[in-house]
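Below is one structure; the comments refer to it alone.
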Amino acid sequence: MLHHLTEKSDADWLVAHPNDYLDGIVNAVFKHGGTLDKFIGDAVMAVWGMTRSAGLAGDAKLAARAGLAMLKE
């Protein structure tokens, strides 16, 4: 399906769409107390508890909330 999307889409849209997607994903990480480690293609690696911690359970809850926010993106 994605193959057909890229064939029929405008080049400017193809550049802007992933950027909009990644902006939303990164914002979800930051909003929920995560630290962005790196971009991996169209994904991100983020960690919780590295620079500041809410405790093990708190960090896990924040990471899960970030994941749910990412699904909405």
Side-chain angles (χ1 to χ4, degrees):
M1 171 124 174
L2 185 58
H3 177 71
H4 297 291
L5 180 67
T6 58
E7 281 182 351
K8 297 178 182 184
S9 295
D10 176 65
D12 291 333
W13 181 88
L14 286 172
V15 170
H17 183 71
N19 288 337
D20 291 341
Y21 162 78
L22 288 171
D23 283 346
I25 297 301
V26 169
N27 287 336
V29 169
F30 292 155
K31 180 180 177 183
H32 296 283
T35 301
L36 181 66
D37 184 23
K38 61 183 144 193
F39 291 96
I40 308 168
D42 62 351
V44 298
M45 180 179 288
V47 295
W48 278 259
M50 178 183 272
T51 57
R52 60 189 163 123
S53 179
L56 186 59
D59 291 337
K61 286 178 186 177
L62 289 168
R65 289 181 182 140
L68 291 172
M70 290 175 193
L71 288 173
K72 291 180 181 178
E73 287 297 322

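When reading the values below, keep in mind they use all heavy atoms of this one structure, side chains included, and skip hydrogens, waters and symmetry mates.
- Closest of all the heavy-atom pairs between D42 and Y21 is O-CE2, 3.2 Å.
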Kindly list each side-chain donor-acceptor pair under 3.5 angstrom involving residues 43-69, sequence neighbours excluded, with atom names and distances?
from	atom 1	to	atom 2	distance (Å)
W48	NE1	H32	O	2.8
T51	OG1	T35	OG1	3.4
S53	OG	G55	N	2.9
S53	OG	D59	OD2	2.7
D59	OD1	A54	N	2.9

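- Smallest separation of non-hydrogen atoms from A28 and M70: CB-CG, 3.9 Å.
- For the atom pair I25 CD1 and L71 CG, the distance stands at 8.0 Å (nearest 0.5 Å).
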